Amino acid sequence: MMWEKLQLLLGTGDEDADKLRFLIETAKQAVMDICGLSELPLALENTVVLMAADLYHDSGIGSVKEGDVSIQFANTAKLGEKYKDRLARYKRIGTAG
């Protein structure tokens with residue numbers, strides 16, 4: 001499973017499993033959106049794990065506002081830019097990004 005790979009990569013324990021699954025799903029969705037895919041190819045799983053690790057280290061949060069409670073997540077497009085070369089071969093023609 002991808003979250004287990006992420007757990008190994010980050011050296012975290014089982015108490016972080018839910019957070020890691022969320023980060024994996026976030027990175028997976030970003031990859032599918034960037035590439036215009038409805039399913040994730042097996043060959044992109046390690047890329048998703050690496051992107052999720054980046055989100056983990058970034059904590060994935062861009063800004064927090066307490067007043068009227070506003071949380072903005074970091075821009076996953078920046079992640080797409082970092083992994084642009086890896087994702088290029090899977091990108092469908094006519095997909096923006």
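Since this is a predicted model, take the numbers as computed values, not measurements.
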**Request:** Mind checking the CD1-CH2 spacing from I24 to W3? Nearest 0.5 Å is all I need.
**Result:** 10.5 Å
**Item:** Heavy-atom closest pair, residues V48 and K28
**Value:** CG1-N, 3.7 Å
**Item:** Residues D18, R21: salt bridge by 4.0 Å N-O rule
**Value:** yes
**Request:** Sort out for me which residue in V31, I34, D54 forms a side chain to side chain contact (heavy atoms under 4.5 Å, CB included) with Y83.
**Result:** D54
**Message:** Just so I know, are the side chains of L10 and H57 near enough to count as touching, which here means a heavy-atom distance under 4.5 Å?
**Reply:** yes
**Shortest non-hydrogen contact between A30 and M51, atoms and distance** = CB-CE, 4.4 Å
**Asked** Under the 3.5 angstrom rule, does the side chain of Q7 hit a backbone N or O of A17 as a donor-acceptor pair?
**Response** no
**Test side-chain contact (heavy atoms from CB on, under 4.5 Å) applied to L40 and M2, step by step** = CA-CA 12 Å; L40 184 75; M2 286 189 282; 4.1 Å; yes
**Request:** Taking the side chain as every heavy atom from C-beta outward, state whether T12 and Y56 have any pair of such atoms under 4.5 Å apart.
**Result:** yes
**Prompt:** How long is the gap from NZ on K82 to OG1 on T47, to the nearest 0.5 Å?
**Reply:** 11.5 Å
**Complete:** Rounded to the nearest 0.5 Å, the CZ atom of R92 sits from the OG atom of S38 at a distance of 7.0 Å
**Smallest separation among heavy atoms of L6 and A52, with atom names** = CD2-CB, 3.7 Å
**Prompt:** Hey, does L50 have a side-chain heavy atom less than 4.5 Å from the side chain of L9?
**Reply:** yes
